[in-house]
Structure formats: C-alpha cells, structure tokens
Amino acid sequence: METTLRGVGVSHGVAIGQVRHMGTAVLEPPAKQVPVDDTPREQGRAHKAVEAVAADLVARGNLAGGEAQAVLEAQALMAQDPELMADVERRIAVGSTAERAVYDAFASYRALLAQAGDYLAGRVADLDDVRNRIVARLLGVPMPGVPDSDEPYVLIARDLAPADTALLDPALVLGFVTEEGGPTSHSAILARAMGVPAVVAMPGATDLSEGAVIAVDGSTGEVFVDPTESRRAQLEAAAAERKAALAASSGPGATSDGHHVPLLANVGGPADVPAAVEAGAEGVGLFRTEFLFLDDSKQAPSEEKQVAAYRQVLEAFPEGRVVVRVLDAGADKPLDFLTPADEPNPALGVRGLRTLLDHPEVLRTQLRALAAAAEGLPVHLEVMAPMVADRADAKAFADACREAGLRAKFGAMVEIPSAALRARSIFQEVEFVSLGTNDLAQYTFAADRQVGALSRLQDPWQPALLDLVAAAADAARATGKSCGVCGEAASDPLLACVLTGLGVTSLSMGAASIPYVRATLAMHTLAQCERAAAAARAADSAQEARVAARAVLSGE
Ligand code: PEP
Ligand code: MG
C-alpha cells in the first residue's frame, strides 16, 4: 500500500526507483564467546562469506575492466589468502564468532602490512575494504560507503559528506533522500550539481527497506513508498510538463522589462562544466576549489594539478566571467593537513580564509596556479575569499592576490553577519562581494547547517536573512560595485526574484536550477521584484515572507 513521507525538497524533479542505503561504518563485532559445538558452523559461515565476497569482487572486475579489474582481482586474492583464512579458523576454534574472528585476523594482518614499507602500507585501505565487505556480509548489514549496484537506484543516507559523494556514479544515482541535512547541506548542493531530485531532513528515511520502490518529488519534498500506478503517472506527467516549459526559456537572465541579472553556475571542478554550459550559464559564479583538495586530505594538490583543473574551467567560458573561490577548508570540509583536529566548535573555528591566513604558502600556491591558468585566456577572472569577517580580512586577501601578481578582480564572500552589516567597509578593499547565504543563514540563526532538525532556521526566506542581503546590496549600490548571491537561495526561482528586487546583481546556482530561475525571472518586471522584496522583508517568518512574495509576483 502506498504511504507518504515528507521532508524538505531541495532539488527539482521526480525520481522513481529502488532504495539503496549508503552503508554506515562497519561496527566492531562484539567479542562474545560461542560454544565449541558451534565451531564448524561458524567456520562454514566465514568460508561462505569470504567466497561470496571474492566472487563479487571478481565479477565487478570483469564488468569494470582495465586498471580497476586488476585492483579488484587483487582484493579478491586478499580475501582468500590461505594464511589469513587459517588465522580466522584458529580464532573461531577458541570461541570467536565468525565476524569477530575475521575482524581480529584482518587487524593483525593489517598491522603487519602497515609496517612493511610504502607499497604494502598503501594496500591497507584495500585490505580494510575487503574486511568491511566480509564483516558486513556476516552481520547482514549493507556494505559501508556507496552502495554496490549495477542498476540505477535512489540513494538513502543519514547525510552525505563531500568525501562520500565524490565516489558516486552519476549514471546510477536517480535521486537522494537523507534523514539529516538541511536545504544548504552538501547533500542538497551535490544533488543540484548532479541535477537529480532530492529530499533532505526526512524523518524515517533510514528506516526505508533496502530494495523498496519509492517515488521522490524533489519540488514538494514528498516521498511515496510503493507508489501506485496512477501516482507514478501523475508525477511523471507533471515532471515532463515542467521540463517542456523550461526548455522553451533560453538566453541571458533578465526580468520581463529587460533588467539583466547574469545567471551563473556553481561548479566543483571541470566535471560540472558541461552541464553549466548546456544550461546556458553566463559564466561561473562560484568555483568551489576545495573539491580538488578533498581527493587527498593529507596534502595540497600540486601547483601543476591545480593549473590544469583551473584552466579547464576557465577555457569553458571564453569572454565569460569565472569567479573562483580560494580553498574553503574546515568545519564540514576538514583537511587533515590544515584543519585543527581539536576544535570544540569547528564551524566557529579556523576555517575558510582563516585557515589560509594561517597557511600562507597554500594560498600563495593557489593564487599562482590561478594566475598561470588564466594566462593568455580572454576570460574575466574574479577571485574571492570565503568567510571574510571584516575589512582587515578583506585587505589581507587582496594584498595576497596583489603579491601573487594575479590579474583579476578580488572579492569577498559575505557569509558572516558582520560582513553583511559592514559591507561598505569591506568594499574599501575589494571590487565585489558574493553572498554565501548557506553559511550566512547558519551564522545568523546560530543553526548548524548540517542538522536537519534545524531546517526551519536555515530557510533563506527568513526576513532577518533578507535584511542582511539588503544591507550588502545597498552598500554595493552606494559604492558602484557588484553584489552577487552564490548560496543556495539563488536557486529558488521565487526567491531569485526577491533577491533581484533587493538589488542583487547576479545569481549563481547549480546548473540544473538555471532554467527554472531564468523562466521565473522572465515573467516579472524589476518593479514587481522590488515590491515582492519589500513584502517579504515586512513579514515575520519565512513562511509568511514566501506567501507575501508569491502574492505580489502572481499579481493577487
Ligand atoms: C555558502 O555558504 O552559501 C556558500 C556558497 O559556500 P558553501 O556552501 O560552499 O559553504
Ligand atoms: Mg560557505
């Protein structure tokens, strides 16, 4: 029978498919004793699990081919290593359960490998993966990490970290549903970047049965479990209709009376560029360079690797604008070699620009790489710093850019309330600001953006947040400079009209949202957007602000 669950819709569209859970870390199996009589049964379970995991790894290798096949076959051999198996049997014979024996035997083998020089130490992660697979199979729980599936699926997780999501195959993920995570969490951002529907902060998500069929409506936040045929047809028809309407809109972003509001794309690297170009992005408004660093949290990518990645993005927008944000490490994006491990409150700790000012060599290398990447290209390069708190921060960043000989516009992200309130002072040092409404909401409402239960407070329609946007936009107007929005607020079509009415000069979002925002903006005049903005600011809650703006824009 169909049942309906509700969360917060954060990425438009409809996905219908089978549930696959993101496996959580394998728990350490309890060290309980089993009676001697059970020894043969436990040894049999261990053998069966090992053989099944090895066969699965070989099958995956055959499918993958190439280098991946060699790695997977080597892992299958590790699983079947006779000495390891003998150790497992010995441990079971003295009373271990099969899962505990596997866990302990792999732990002692792991310790040997870890001491055995660089090459073998590098295999430790592969060994851990094999152990996790065998233990998960014995415990009857999903494999940790990204689901093993050759069929497309809807991914269910408590929340998704950037490191998990880097491993997802976009061809297989139909959509996301998470239990935690607010509208500005990385799960939501990633879903928009991948252009798949997503619902976050949905109670009960992690209780959905593996393999159950669900229909996800990323616009309304509804998730239908075991959807009826008529529900599927209704959702698919609505999605097709919306898609057709969007396909009809093209060209630069503008209100119906021709006020140009450039629509730019948020990208995490070269892989996101084709979708941005296809959506008609007029450039990039936020290049989150930290994704390049998250591949290896132990060290910074080499200058050459950085130049190559930056150049690929810059080349995609000849004559266009590309706003690159320098590394934003810390808080929800920690890097081992930069982020202090013992901060009591990482979101309020050393993150963003603060990290870079503590590690000037990392910033210098990145700015040099950007200068080299832009060399000889007609692109309009703009470089901005995350988490600028005040004029001193803005000056430190602009000085570093000048010292690196960077020929670009320098800017500051406004994601801390102090920066919005004193934007005029920040404009003394930089040429543009870009509002990071995700963090700005987090810090304005003291509401951790990763906590789904606080999504009410992370809602960018909150009038207090709109007041801060207005303060920054007013300062930009007074100083003749520009003020964009690159937080997720820009991807909500109605809110995009309100932001335009507040005086925001460009909107940057995941590529998949661009057609929705373009189509909505084109239906309203600038004066209507201004009236909607005033109505939203006069409201007392996010919900009232939404209703008031919608009433103005629909001419009620
Ligand atoms: C923001 O905070 O709004 C922003 C754009 O930066 P990020 O989401 O990467 O923290
Ligand atoms: Mg931010």
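All ligand and atom numbering here is 1-based and tracks the order in the structure. When a residue number appears, it is its place in the shown sequence, counting from 1.
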| field | Contact with ligand 1 for Gln442, non-hydrogen, under 4.0 angstrom | value | no
| said: Less than 4.0 angstrom from a charged side-chain N to a carboxylate O is my criterion; do Glu431 and Lys409 meet it? | reply: no
| note | Honestly, for Leu286 the part within reach of ligand 1 (heavy atoms, under 4.0 Å) is side chain
| request: Test Ile416 against Met387 for side-chain contact (heavy atoms from CB on, under 4.5 Å), laying out the working first. | output: CA-CA 7 Å; Ile416 305 178; Met387 294 291 290; 3.9 Å; yes
| task | Specify side chain, backbone, both or neither for Met509, according to which of its non-hydrogen atoms lie closer than 4.0 Å to ligand 1. | result | neither
| field | Heavy-atom closest contact (Ala276 atom, Phe317 atom, distance) | value | CB-CZ, 4.1 Å
| Taking atom types as modelled and ignoring hydrogens, do the side chains of Thr255 and His524 form a donor-acceptor contact shorter than 3.5 angstrom? | no
| said: Suppose we only count N/O/S atoms under 2.8 Å; would Asp439 qualify as near the Mg ion (ligand 2)? | reply: yes
| query | Counting only heavy atoms, which portion of Lys333 has something under 4.0 Å from ligand 1: side chain, backbone, both, or neither? | reply | side chain
| Heteroatom proximity flag, Arg449 to ligand 1, N/O under 3.5 Å | yes
| request: Enumerate the atoms of ligand 1 whose separation from the nearest heavy atom of Met413 is less than 4.0 angstrom. | output: 4 (C), 5 (C)
| said: Side chains of Gln306 and Thr365: any donor to acceptor distance under 3.5 Å? | reply: no
| query | Quick one: does ligand 1 sit under 4.0 Å from the side chain of Arg288, the backbone, both or neither, non-hydrogen atoms only? | reply | side chain
| query | Under the side-chain contact (heavy atoms from CB on, under 4.5 Å) criterion, do Met384 and Leu286 qualify, and how do the steps go? | reply | CA-CA 9 Å; Met384 65 183 181; Leu286 169 61; 3.7 Å; yes
| said: Are any of the N/O atoms on Gly436, whether in the backbone or the side chain, positioned under 3.5 angstrom from an N/O atom of ligand 1? | reply: yes
| field | Atoms of ligand 1, numbered as shown, that sit under 4.0 Å from any heavy atom of Gly487 | value | 3 (O), 5 (C)
| query | Short list, please: which atoms of ligand 1 are under 4.0 Å from a heavy atom of Glu415? | reply | 1 (C), 2 (O), 4 (C), 6 (O)
| message | Looking only at N, O or S atoms in Glu415, which is nearest to the Mg ion (ligand 2)? | response | OE1
| said: Are the side chains of Phe445 and Asp459 in contact, using a 4.5 Å heavy-atom criterion? | reply: no
| Taking atom types as modelled, is there a side-chain donor on Thr178 or Asp159 under 3.5 Å from an acceptor on the other? | no
